[in-house]
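Presented below is the structure to which this report refers.
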Amino acid sequence: MALTYNELKRNIEHLIHQESFSNEAFTIAAKELFSFQYQHNQAYRTFCRKRHFHPKSIEHFKEIPPVPIQAFKEAALTCSTENEIERVFMTSGTTNPHKRGKNAHRDLDIYDLSSKKYFKETMMPDEHQMKMIVLFPSEKEWPNSSLAHYLQIIKEAFGNTQSEHVVWEGKFDHKRLLCLLQEAETKNEPVFVLGATTYFLSFLERCNASHLSFHLPKGSRIMDTGGMKSSPNRMDISDVKQQLSQLFGLSPEVCGNMYGMTELSSQIYDPLFDAKGKKGWKKTPPWLKTIVVDPETKIEKRKGEPGVIVHYDLANINSVMAIMTEDTGIKGENEHSFYFLGRVEGAEAKGCSLAIEEFLTAYQGDFHS
């Protein structure tokens, strides 16, 4: 019999609080979560049945069928009724504003715990609090943005009382950011600048045009959170990190990148101060595992072979834990590291299209026949 939501929540909270846990413990938790989602998520259960997957047939977490990420735009992938849901996070809609992906949360306890614990470990292992400058709207302005909520709880948990946003009512206050950075230099006060890549690039462009640069105090750091889909100045993550490190006068090792998405409940990072880590490789928290697959066959790629990234996120309790993205990458030494290559193209894009067609065939066949 599948566990209840509260029982699952307690078990996953326990795992997140641990420093580490075994692959066996992860698989046990994943199987329990799959059983719950199979039982309560009608659209996902239909998809699994059409592909002949059942909780009793699953022996390893990699056997749990991932849904293509576009499915979050097509179906209500939730285990709760509308009255039980506390918050719905929605994608930006840059591709199609009339069809946005939705991830419904019965509550945000696990989301917040996951976010704060792994941020502390990867971005602020040496500090408890510091002044944060947030390059993104507040949660009050964008209540359906997972990134706005994430940055809000990070600022509240780890930012001091002088922390602030520099994007208000949809407008990026470049002058205020410039003032705060110059103030940090004058007072020799370390700052943490974090927010969406588009705002960083906008500020970078203005500074380059005015021949401005900074030498932020020791202990300062930056973190861009991606989100360059709609930017006309898209560039490789490593190029972004290099140019921002030069702009702010910081070592690249304190210039981090966060990989996240609305459809997940955990974040993935290039950790700061990671002397042993390989440059550019993403590191996942213990409660999230990542594999790289062929999108058509769903067969896992061997080490060094590029493919489509699939995430298994135990924190994603109320929707679907197994998600096939539209990102390409290379698998690392284990399921807790990967190298992000970019958005799908060519054969991988075709495979992702076939995956969503497969989902829609199962979903529409059951609900619209």
[X] and [Y]: same hydrophobic cluster, using ILVMFWY side-chain contacts below 4.5 Å?
X    : Y    : answer
L354 : I323 : no
Y44  : F53  : yes
I69  : V88  : no
L212 : V240 : yes
F172 : L180 : yes

Do [X] and [Y] sit within salt-bridge range, that is, some charged N less than 4.0 Å from a carboxylate O?
X    : Y    : result
K131 : E183 : yes
K99  : E74  : yes
K283 : D270 : no
K62  : E335 : yes
R87  : E139 : yes
R343 : E326 : yes
E333 : K303 : yes

Between the side chains of [X] and [Y], does any donor sit under 3.5 Å from an acceptor?
X    : Y    : result
N188 : K218 : no
S266 : S114 : yes
R100 : T91  : no
H14  : Q18  : yes
H165 : S138 : no
K289 : N334 : no
Y259 : H311 : yes
S319 : E263 : no

> Heavy-atom count around E156 CD within 6.0 Å, excluding the residue itself: above 12?
Replying inline: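 Yes - once you tally the heavy atoms of other residues, nucleotides and ligands closer than 6.0 Å, there are more than 12.
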
> How far apart are the C-alpha atoms of N318 and T78, what are their side-chain angles, what is the distance that settles it, and do they pass the side-chain hydrogen bond (donor to acceptor under 3.5 Å, both in side chains) test?
Replying inline: CA-CA 6 Å; N318 194 57; T78 176; 3.1 Å; yes

>> Evaluate H40 against Y5 for ring pair (Phe, Tyr, Trp, His ring centres under 6.0 Å), listing each step before the verdict.
In response: CA-CA 10 Å; H40 296 282; Y5 175 81; 9.4 Å; no

>> The test is side-chain hydrogen bond (donor to acceptor under 3.5 Å, both in side chains); show your working for S213 and Q246 and say whether it passes.
In response: CA-CA 8 Å; S213 61; Q246 293 174 357; over 6 Å; no

Validation row: [X], [Y] side chains within 4.5 angstrom (heavy atoms):
X    : Y    : value
I317 : I12  : yes
I110 : I16  : yes
F158 : M132 : yes

> Considering the options F61, F26, W287, F34, which one meets the ring pair (Phe, Tyr, Trp, His ring centres under 6.0 Å) requirement together with Y312?
Replying inline: F61

> Would F89 and F72 satisfy ring pair (Phe, Tyr, Trp, His ring centres under 6.0 Å), going step by step from the backbone distance to the final call?
Replying inline: CA-CA 11 Å; F89 291 139; F72 283 82; over 10 Å; no

>> Given L178, which partner from the list R176, K175, Q182 fulfils the side chain to side chain contact (heavy atoms under 4.5 Å, CB included) test?
In response: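 Result for side chain to side chain contact (heavy atoms under 4.5 Å, CB included) with L178: Q182.
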
